[in-house]
Amino acid sequence: MPDTPTPGAPGSLQHRAYLALQRLALHQQRQGADLLRDHGLSAPQFNVLRILRGATDGGLTCSEISDRLLDHDPDVTRLLDRLQKAGLVTRDRDRPDRRIVATRLTDAGRDLLTRLDPPLTDLHARQFAHLTDTQLRDLISLLTAVTREPEGKPQIP
């Protein structure tokens, strides 16, 4: 009888699943990054613009943006500096409390997102075109289950 690797050890099902998930994530990220690069954006910059598109007219503070990022970036201020220099966002001090700086999407930023919507929609459709709706639902369910920690264990931030 062949030896079964310890759960999580190299060669185990858990390790193979981890590697497959990492390869998939990197493949999907590369394709998205290539598309965004053609429009002069990095993935974190695009994420900030999308966050701001979903915000109210009052904009968001740097910490509110940071809290909503898909991938934590320790230097959101520098990211915002680059987006402001490109004319995609504005930053204004709050009137009652001058310490608060609100970031808002400009018309140019909104226009860029509108132009990116169709090619991104097409990319995502192509990335998953070979899966049935049932397979996609199963994939979402499995990925959601993987992100949950077993009871009694702290969640990974």
Side-chain angles (χ1 to χ4, degrees), residues 17-151 153-157:
Y18 169 80
L19 291 175
L21 187 58
Q22 291 301 310
R23 280 192 288 275
L24 171 64
L26 290 170
H27 176 71
Q28 304 282 47
Q29 287 172 352
R30 261 192 307 273
Q31 289 180 330
D34 289 347
L35 189 146
L36 294 173
R37 191 177 313 109
D38 291 344
H39 290 83
L41 290 177
S42 67
Q45 289 172 327
F46 176 70
N47 190 205
V48 168
L49 294 177
R50 296 260 322 240
I51 289 167
L52 290 171
R53 179 166 62 179
T56 64
D57 290 339
L60 295 173
T61 65
C62 191
S63 63
E64 289 170 327
I65 292 168
S66 181
D67 290 344
R68 297 178 188 189
L69 286 173
L70 289 174
D71 188 16
H72 178 71
D73 188 323
D75 200 355
V76 175
T77 302
R78 184 174 295 149
L79 233 143
L80 294 175
D81 286 344
R82 281 186 242 128
L83 291 170
Q84 184 175 18
K85 186 176 179 180
L88 302 173
V89 302
T90 61
R91 289 188 283 182
D92 302 302
R93 293 206 177 272
D94 186 60
R95 292 289 175 221
D97 187 344
R98 302 283 300 154
R99 295 171 296 174
I100 297 174
V101 177
T103 303
R104 293 175 188 81
L105 198 58
T106 64
D107 289 340
R110 195 170 310 284
D111 290 345
L112 178 57
L113 286 175
T114 299
R115 287 193 317 273
L116 279 167
D117 285 338
L120 275 168
T121 298
D122 291 344
L123 173 62
H124 297 317
R126 285 192 318 273
Q127 288 173 325
F128 295 98
H130 57 288
L131 299 178
T132 66
D133 286 354
T134 299
Q135 289 172 319
L136 286 169
R137 284 187 198 92
D138 289 346
L139 177 61
I140 292 165
S141 177
L142 287 169
L143 292 173
T144 301
V146 169
T147 60
R148 284 191 223 113
E149 289 290 323
E151 285 191 39
K153 300 231 177 173
Q155 290 224 344
I156 299 170

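These values consider heavy atoms only, across backbone and side chains, with no hydrogens, waters or symmetry-generated copies. It should be emphasised that the depicted structure is a prediction, and the values quoted were computed from it without experimental measurement.
We find the CD-CG distance between Gln29 and Leu36 to be 11.5 Å, quoted to the nearest 0.5 Å. Taking CG from Leu79 and CD1 from Ile65, the interatomic distance works out to 9.0 Å, rounded to the nearest 0.5 Å. For the atom pair Leu88 CG and Leu80 CG, the distance stands at 11.5 Å (nearest 0.5 Å). Here Leu26 contributes atom CG and Gln31 contributes atom CD; the two are 11.5 Å apart, rounded to the nearest 0.5 Å. Note that OG1 of Thr147 and CG of Leu142 are 11.0 Å apart. Values are rounded to the nearest 0.5 Å. Note: Asn47 CG to Leu70 CG = 4.0 Å, rounded to the nearest 0.5 Å.
Applying the salt bridge (Lys or Arg N to Asp or Glu O under 4.0 Å) test to pairs two or more places apart or on separate chains, those with a residue in residues 35-45 are Asp34-Arg37. Applying the salt bridge (Lys or Arg N to Asp or Glu O under 4.0 Å) test to residues at least two apart or on different chains, none of the pairs has a partner in residues 126-138.
Thr144 places a side-chain N or O within 3.5 Å of a backbone atom of Ile140 that can act as its donor or acceptor partner.
Residues Leu52 and Leu83 have side chains not in contact (no heavy-atom distance under 4.5 Å, counting atoms from C-beta outward). Between Leu116 and Leu35, the closest side-chain pair of non-hydrogen atoms falls below 4.5 Å.
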Mind running side chain to side chain contact (heavy atoms under 4.5 Å, CB included) on Ile100 and Thr61 for me, showing each step along the way? CA-CA 7 Å; Ile100 297 174; Thr61 65; 3.7 Å; yes

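Contact detail for Arg91 and Thr103: the closest heavy-atom pair is CG-OG1, 3.3 Å. Scanning all heavy atoms of the two residues, the minimum distance from Ala108 to Gly87 falls at CB-O, 3.6 Å. The two residues Cys62 and Thr77 have their closest heavy-atom pair at SG-OG1, 3.7 Å. Here the shortest heavy-atom pairing between Thr106 and Val89 reads CG2-C, 3.5 Å. A pairwise comparison of heavy atoms in Asp92 and Arg104 identifies OD2-NH1, 3.3 Å as the closest pair. Across Leu60 and Ile51, no two heavy atoms sit closer than the pair CD1-CG2, 3.5 Å.
Annotation: side-chain contact (heavy atoms from CB on, under 4.5 Å) contacts of Arg82 (sequence neighbours excluded): Gln45, Arg78.
Surrounding CG of Asp57 are at most 12 heavy atoms belonging to other residues, nucleotides or ligands under 6.0 Å away. Within a 6.0 Å radius of OH in Tyr18, no more than 12 heavy atoms belonging to other residues, nucleotides or ligands are found.
A side chain to side chain contact (heavy atoms under 4.5 Å, CB included) with Leu105 is found for one member of Thr90, Leu49, Val48, Leu112 and no other, namely Leu49.
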